[in-house]
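Here is the structure we will look at, set down as structure tokens.
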Amino acid sequence: MSAELRDSLERIARIFVESRRIAQDMGPAAAMHEVKVGAVLLRVAKWAEARFGRAATVSAETPSNTHVLVRGGVSNLERILENLVLNAYEGDGRRAASEVTIRSKDAPVGFVTIEVADNGPGFSEDALGRRISAFATTKTDGSGLGLYTAERLVVASGGQLIRANAPQGGAIVRVTANDLPVYCPNP
């Protein structure tokens, strides 16, 4: 029983630390910073390979020097994508993805969409019908903060996080920068 209590207290402490970090990263002190999209996608793919022994595939339809403005900068965009890739590779707690693709594309022109797609179980119809909320998880060891944190950080930067299931199976999560201009400075 003491091991279970210790595990529960450690989980609560992790949730508290993550909640505090979310508040700081979205607060008024968190400025908007230019982020080079392609570089972040590649770093997240390398992180996935180190963490899971398999990298996420990166596919960029945006110019290599495309930048977006993100509240909290590079670390927040990395955190958003790492949470989405982590969720894909962990799946729903019963089944996980074996392949994850991170894509960036201009859509519509002048705005960027980053998409994390996988071949895992996808979202349940119930999950797609509900708002993303803190502490909601299908995993026994999950905190329920990964998708919630990603969405809060995206919204704080003026974007949107959209969940869907792919027609061939698996999940697709789109991060759109609806209100943020994309630009390509001179290389």
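- Both Leu128 and Val154 sit in one connected hydrophobic cluster of ILVMFWY residues. Membership requires side-chain heavy atoms under 4.5 Å apart, directly or through other members.
- Counted by atom type alone, Asn119 and Ser98 present one or more donor-acceptor pairs between their side chains at under 3.5 Å.
- A donor-acceptor pair is defined here as one N or O able to donate and one able to accept, closer than 3.5 Å; no such pair exists between the side chain of Ser104 and the backbone of Ile114.
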Decide yes or no on side-chain contact (heavy atoms from CB on, under 4.5 Å) for Glu34 and Leu69, but give the supporting numbers first. CA-CA 5 Å; Glu34 297 175 19; Leu69 296 173; 3.9 Å; yes

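- Residue Val70 comes nearest to Leu77 through the heavy atom pair CG1-N, 4.2 Å, listed as atom of the first residue, atom of the second, then distance.
- Atom-to-atom distance recorded for Ile162:CD1 and Glu151:CD is 10.5 Å, nearest 0.5 angstrom.
- Side-chain atoms of Val37 and His67, non-hydrogen and from C-beta on, never get closer than 4.5 Å to each other.
- In terms of heavy-atom proximity, Val100 sits nearest to Ala88 at CG2-CB, 3.6 Å.
- Legend: salt bridge (Lys or Arg N to Asp or Glu O under 4.0 Å) pairs involving residues 111-127, not counting sequence neighbours, sorted by first then second residue: Arg103-Glu115, Lys105-Glu115, Glu115-Arg174, Asp126-Arg130.
- Here the side chain of Asn165 pairs a donor or acceptor atom with the backbone of Phe123 at under 3.5 angstrom.
- Separation of atoms CG (Leu86) and CG (Leu81) is listed at 12.5 Å; rounding is to 0.5 Å.
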Donor-acceptor contacts, no H, no angles, side chain residues 44-59, under 3.5 Å, sequence neighbours left out:
unit_1, atom_1, unit_2, atom_2, d
Arg54, NH2, Ala97, O, 3.2

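- To the nearest 0.5 Å, atom OH of residue Tyr148 and atom CZ of residue Arg131 are 8.5 Å apart.
- With rounding to the nearest 0.5 angstrom, the CD1 atom of Ile80 is 11.0 Å from the CZ atom of Arg152.
- Contacts classified as salt bridge (Lys or Arg N to Asp or Glu O under 4.0 Å) and involving residues 159-173 (residues at least two apart or in different chains) are not found.
- Applying side chain to side chain contact (heavy atoms under 4.5 Å, CB included) to Val175 and the options Leu153, Leu84, Thr113, Val116 leaves one that passes, Leu84.
- Side-chain atoms of Leu161 and Leu147, non-hydrogen and from C-beta on, do get closer than 4.5 Å to each other.
- To the nearest 0.5 Å, atoms CZ (Arg71) and CG (Asn76) are separated by 9.5 Å.
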